[in-house]
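Okay, structure first, notes after.
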Amino acid sequence: MAFLLLGCAGTPVPREHGALLSAAESEATWLGQWVQMSASAHPGKSGFALLSSGQDAFSLRLLLSEQADRRLDIQTYLLGDGLTTRMLLHRLLAAADRGVEVRLLIDDMGAVGQGPELAALDTHPNIQVRVYNALSVGRGTLAGRVLASVPQAARQHRRMHNKLWIADGALAIVGGRNLGDEYYSASEPRNFTDLDLMTLGPVVEPLTRSFHLYWNHGLAQPIGRYHHADEEAWRGLRSSLAEWFEANADSPYFADLRQRYADVEQGPLVGRLHWGEGIALWDPPGKPAWPGRPPLDRTMAGELLEHAGEPSERLAIVSAYFVPGAHGTRLLRQLAEAGVEVEVFTNSLEATDVPLVHGAYQTRRRALLDSGVALYEMRAESESDEDKGFSVGSSASSLHIKALAIDDDRVFVGSPNADPRSVWWNTEVGVLAASPGLAAELHELTEVGESPELSYRVERSVSGQLYWQTVQQGEPVRLVREPGSIWRRLGALLGRIAWLEPLL
């Protein structure tokens, strides 16, 4: 513990200030020219496309890695080890070999255990890797990292939760997906049902600017300051990844990807583009180092409330973790009682990967139902194997989407959940789009997810008892006991401790 309190200094490594690509540099790339051609009939507008399929979201990232000419900027909370991550690293090295500048920014907690590989990647002349809100000790395991965080708990419980992928300053992907198999329908037995928003046009420039603010901030430090690698270590990493890919090229997931490319009847990876106005929103990069809880107007959540406006007809909240708290519950009740159709779609107890958070939501359910708010909770296992456009990846799934649909013309997709942690403690990024077509597509997607084959509708009987309406083996079923194991119930019980709620 004395060693952890003392800490140790990182290795001296140069830290260069990154600069934005100019508009001319971006427009000269292949992707920049494609964007100009696509947007020519929509002057001044941004283009948007929802990415609900995990396989398609992964394939698009591969394609962007292959098509980029100048730069790839990637910001993520988590970097897992698996089929998809190794394949992406393999393609990023190939892009760097042909002269593309690759910059990878990872939250330090999400990089635990990956230090040697990331340091090797960083030795490539065209690749830079930085970690955010880093500690120099306890980096080998999650347990060690958490223990090392204790002396700085006030800052270290705050994370960079942003997820952003930008190619040549021309096209960006923002949403809920980190880098890991479970986000791209490649994990067994459980995957995340997630959502990204592909954007092009004017909204990409501020998203690129947000990346640079984080990249150049003092909390973003080169991985080489914490993990040493030989100057040519990237060559060994490239060789090992190439050998691994050759050995795994015929894996079922990669075979499915090749079939997806070949099956033109499934349509393109990116569906029809919707056009409209877009506002890029992000938290200040220094937020993790601020003392205490920040004022709402200095957070991305405060900006979102200001720009989105109050719904007049309909509000749909899709959030993996839903902790409205007393204030949020009161606002949602007021909207519902004023005649706004309010619906919340989140994880059920049996599906969530954090039962503690579900417990804080449980304490607010009755009040929300009493005011007319509709509650849907995603099941752990789907009743239907049909592809309805709501990607579950496998029979076992957990919701990871973070999105809002406001009336019939506004959509928000990004990295924040509807919980205090996203508002006050973590940093987040997202896009608010004004597009009736995009809103209609998100509403349709949400309705599919809320279907009884995939989810429970939480209701309250005349006597006040909660029940979960669903379909089992093709027949309507009413469950009077909340689905979930005893261990999940115990975890949720802890989450109902009132003083924990502001931290969840």
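Residues forming a ring-ring contact (aromatic ring centres under 6.0 Å, His included) with Y321 (at least two apart in sequence, or on another chain): none. By the ring-ring contact (aromatic ring centres under 6.0 Å, His included) test, Y184 pairs with F58, sequence neighbours left out. Applying the side-chain contact (heavy atoms from CB on, under 4.5 Å) test to R155 and every residue at least two apart in sequence or in another chain returns N133, Q152, L219, A289. With sequence neighbours excluded, the residues forming a side-chain contact (heavy atoms from CB on, under 4.5 Å) with E27 are A23, Q36, listed by chain and number. Taking the ring-ring contact (aromatic ring centres under 6.0 Å, His included) definition, one finds that W425 meets it with H157, sequence neighbours left out. The salt bridge (charged side-chain N to carboxylate O under 4.0 Å, His left out) search around D283 returns K287, not counting sequence neighbours. Checked against side-chain contact (heavy atoms from CB on, under 4.5 Å), A96 has the following partners two or more places apart in sequence or in another chain: V102, H124, N126, I127. Every side-chain contact (heavy atoms from CB on, under 4.5 Å) that S348 has, sequence neighbours left out, goes to E350, A351, E377, Y456.
Inter-residue side-chain proximity for N162 and T76 is flagged as unmet; no heavy-atom pair is nearer than 4.5 Å. Residues P206 and W282 are in side-chain contact: their nearest non-hydrogen atoms beyond the backbone lie under 4.5 Å apart. For the pair L164 and L105, the minimum side-chain heavy-atom distance is 4.5 Å or more. Looking only at side-chain heavy atoms (C-beta outward), T427 and P288 come within less than 4.5 Å of each other. A heavy-atom distance below 4.5 Å is found between the side chains of L92 and L72. Side-chain contact check for L197 versus L50: some heavy-atom pair is nearer than 4.5 Å. Proximity of V413 to V431: side-chain heavy atoms (C-beta onward) are nowhere separated by under 4.5 Å. Considering only heavy atoms from C-beta on, V411 stays 4.5 Å or farther from L432 through its side chain.
Remark: the backbone N or O of L442 is paired with a side-chain donor or acceptor of T446 at under 3.5 angstrom. Listed for the R91 side chain is no donor-acceptor partner under 3.5 Å among the backbone atoms of L62. D69 places no side-chain N or O within 3.5 Å of a backbone atom of T29 that could act as its donor or acceptor partner. Panel note: side chain R159, backbone Q156; a donor-acceptor pair is recorded below 3.5 Å.
Rounding to the nearest 0.5 angstrom, the gap separating the CG atom in L349 from the OG atom in S485 is 7.0 Å. Between the CE atom of M160 and the NZ atom of K163 there is a distance of 9.5 Å, given to the nearest 0.5 Å. Annotation: the span from L171 atom CG to L64 atom CG amounts to 5.5 Å, rounded to 0.5 Å. Between the CZ atom of R158 and the CG atom of L503 there is a distance of 10.0 Å, given to the nearest 0.5 Å. How far CG of L78 is from CG of N178: 5.0 Å, rounded to the nearest 0.5 Å. To the nearest 0.5 Å, atom CG of residue N417 and atom CD1 of residue I401 are 11.5 Å apart.
When all heavy atoms of T141 and G144 are compared, the closest pair comes out as OG1-N, 3.1 Å. L31 and A167 make their closest contact through CD1-CB, 3.5 Å (heavy atoms, listed as atom of the first residue, atom of the second, distance). Between A111 and L118, the shortest heavy-atom contact is CB-CD1, 3.9 Å. Closest non-hydrogen pair, V203 versus A280, comes out as CG2-N, 3.9 Å. Here the closest heavy-atom approach between residue V35 and residue A170 is recorded as CG2-O, 3.6 Å. Of all non-hydrogen atoms in G80 and T85, the two that sit nearest each other are O-OG1, 2.8 Å.
Side-chain atoms of S319 and T346 include no donor-acceptor pair closer than 3.5 Å. Side chains of N191 and S185: a donor-acceptor N/O pair is absent below 3.5 angstrom, by distance only. No side-chain donor-acceptor contact under 3.5 Å links Y77 and D107. Side chains of R190 and S397: a donor-acceptor N/O pair is absent below 3.5 angstrom, by distance only. Between the side chains of D168 and S26, no donor-acceptor pair of N or O atoms lies under 3.5 Å. For the residue pair N426 and H161, no side-chain donor N or O sits within less than 3.5 Å of a side-chain acceptor on the partner.
A salt bridge is defined here as a Lys NZ or Arg NE, NH1 or NH2 lying under 4.0 Å from an Asp or Glu carboxylate O, and D56 with R61 fails to meet this definition. At a threshold of 4.0 Å, the pair K402-D419 does not count as salt-bridged, since none of the basic side-chain nitrogens sits closer than that to a carboxylate oxygen. Between D73 and R103 there is a salt bridge, since a side-chain N of the basic residue sits under 4.0 Å from a carboxylate O of the acidic one.
Sparse packing is recorded around CD of E444, with 12 or fewer heavy atoms of other residues, nucleotides or ligands lying under 6.0 Å away.
Each side chain to side chain donor-acceptor pair (under 3.5 Å) pair with one or both residues in residues 232-244, not counting sequence neighbours, appears once here: D97-R238, E232-R235. Sorted by first and then second residue, the pairs that involve residues 110-139 and meet salt bridge (Lys or Arg N to Asp or Glu O under 4.0 Å), not counting sequence neighbours, are D108-R139. Pairs engaging residues 209-222 under the salt bridge (Lys or Arg N to Asp or Glu O under 4.0 Å) rule: E205-R209 [sequence neighbours left out]. Residues in residues 81-121 take part in these ring-ring contact (aromatic ring centres under 6.0 Å, His included) pairs, two or more places apart or across chains: H90-F245.
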Practice item. Take R177 and D196 through the salt bridge (charged side-chain N to carboxylate O under 4.0 Å, His left out) test and state the conclusion after the steps. Key: CA-CA 7 Å; R177 290 186 174 97; D196 288 323; 3.0 Å; yes

**Study point:** side-chain hydrogen bond (donor to acceptor under 3.5 Å, both in side chains) assessment of E428 paired with S415
**Key:** CA-CA 6 Å; E428 310 285 356; S415 64; 2.6 Å; yes

Exercise for review: Would you sort out whether L195 and L51 count as a side chain to side chain contact (heavy atoms under 4.5 Å, CB included), showing the intermediate values?
Suggested key: CA-CA 6 Å; L195 185 69; L51 304 173; 5.7 Å; no

**Study point:** Intermediate values then yes/no, side chain to side chain contact (heavy atoms under 4.5 Å, CB included), L83 and F254
**Key:** CA-CA 9 Å; L83 288 171; F254 290 149; 4.1 Å; yes

Exercise for review: Starting from the C-alpha separation in whole Å, work towards a yes-or-no answer on salt bridge (charged side-chain N to carboxylate O under 4.0 Å, His left out) for R70 and E101.
Suggested key: CA-CA 6 Å; R70 294 293 300 269; E101 181 185 2; over 6 Å; no

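Note: Y214 and Y132 have tilted aromatic rings, judged against thresholds of 30 and 60 degrees for the angle between ring planes.
Checked against a 6.0 Å centroid threshold, the rings of H358 and Y361 count as neighbours.
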